[in-house]
Amino acid sequence: MNDFTRSVIEQIRKVPKGKVSTYGRIAELSGNPRAARQVSRILSSMSRKYNLPWHRIINSQGRISLKPGGGYEEQRAILEAEGIEFDLYGTVDLKRYIY
DNA sequence: CGTGTGACGCGGG
DNA sequence: CCCCGCGCCACAC
């Protein structure tokens, strides 16, 4: 595992319950602003093993990136259980919930 | 070693 | 808001 990956795991773990962050933001904090895609890949392949709060990472538009039937419902349910509110378009107010 | 694939992001229509 | 294109990048074939 490289330094970037280690940093991504560390940064994701810092996002507190009731807050969210974005793939791009985690990538920035980890030293590579252009690696948002890698962050998403790390989440999908290592969330279990490294016990990551994967559900707290959404896209830059404030929307869940998983597809309906592909995890969307689960992620949304967990976030709502943590107090995150979604508008009728499935968008969360990043100004309010970003970490 | 090319080619296709995303849990991405940004701009534009 | 939706849909596209383009750039980006590790990874599976």
Side-chain angles (χ1 to χ4, degrees):
Chain A
M1 188 193 301
N2 57 44
D3 290 344
F4 177 72
T5 302
R6 265 187 287 281
S7 183
V8 166
I9 290 174
E10 182 185 344
Q11 294 304 327
I12 290 176
R13 282 181 169 154
K14 288 184 180 176
V15 184
K17 184 194 307 180
K19 288 287 185 178
V20 298
S21 191
T22 68
Y23 302 93
R25 182 58 181 145
I26 294 298
E28 289 178 36
L29 294 172
S30 299
N32 188 344
R34 300 174 301 184
R37 284 191 112 112
Q38 281 65 277
V39 173
S40 72
R41 189 168 44 64
I42 290 169
L43 277 170
S44 64
S45 62
M46 312 174 87
S47 287
R48 286 290 165 171
K49 186 174 180 182
Y50 292 89
N51 198 36
L52 306 178
W54 59 274
H55 56 282
R56 304 208 256 245
I57 310 303
I58 58 181
N59 63 40
S60 66
Q61 311 313 301
R63 295 173 60 18
I64 288 175
S65 287
L66 291 176
K67 289 177 270 186
Y72 175 89
E73 294 82 358
E74 183 189 7
Q75 182 170 10
R76 177 163 175 162
I78 298 173
L79 287 177
E80 293 186 312
E82 294 190 344
I84 306 293
E85 294 175 29
F86 289 75
D87 68 12
L88 76 168
Y89 297 114
T91 302
V92 308
D93 183 356
L94 286 180
K95 300 291 187 186
R96 179 182 176 190
Y97 299 110
I98 193 68
Y99 167 57

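Letters go in sequence order (proteins before strands), and every chain restarts at 1. The basis for the numbers below is simple: all heavy atoms, side chains too, and nothing from hydrogens, waters or symmetry mates.
- At whole-Å resolution of the value, NZ in A:Lys67 and P in B:dG6 are 6 Å apart.
- Rounded to whole Å, the distance from OH on A:Tyr23 to C1' on C:dC9 is 16 Å.
- Counting to the nearest Å, the P atom of C:dC11 and the CE atom of A:Met46 are 10 Å from each other.
- Closest-nucleotide positions on DNA chain B for A:Ser40 and A:Gln61 were compared, and the one nearer the 5' end corresponds to A:Ser40.
- Taking atom CG on A:Leu43 and atom P on B:dG6, their separation rounds to 17 Å, with Å as the unit.
- In this structure, A:Trp54 CH2 and A:Arg48 CZ are separated by 8.0 Å, a value rounded to the nearest 0.5 Å.
- Between the A:Gln75 side chain and the A:His55 main chain, a donor and an acceptor come within less than 3.5 Å of each other.
- Atom C1' of nucleotide B:dA7 and atom CG of A:Asn59 are separated by 9 Å, given to the nearest angstrom.
- Among the protein residues, A:Thr91 comes within range of the sugar-phosphate backbone only, with heavy atoms under 4.0 Å from sugar or phosphate atoms but none that close to a base.
- Rounded to whole Å, the distance from CG on A:Asn32 to C1' on B:dC8 is 12 Å.
- Between A:Arg34 and the phosphate of C:dC9, there is a side-chain N or O to OP1/OP2 separation shorter than 4.0 Å.
- Comparing A:Arg63 and A:Gln38 by the nucleotide of DNA chain C that holds the closest heavy atom to each, the one mapping nearer the 5' end is A:Arg63.
- A:Ser45 places a side-chain N or O within 3.5 Å of a backbone atom of A:Arg41 that can act as its donor or acceptor partner.
- Distance A:Asn2 CG to C:dA10 C1': 10 Å, rounded to the nearest Å.
- Considering only heavy atoms from C-beta on, A:Met1 comes within 4.5 Å of A:Ile9 through its side chain.
- Distance, A:Met1 CE to C:dA10 P: 16 Å, rounded to whole Å.
- Taking only side-chain nitrogens and oxygens, A:Ser60 never comes nearer than 4.0 Å to OP1 or OP2 of B:dC8.
- A:Arg37 comes within 4.0 angstrom of a nucleotide base, judged by non-hydrogen atoms across all strands.
- At the heavy-atom level, A:Tyr89 lies under 4.0 Å from the strands shown only through sugar-phosphate atoms.
- Both tests pass for A:Arg76 against the ring of A:Phe86: distance under 6.0 Å to the centre and angle within 45° of the axis.
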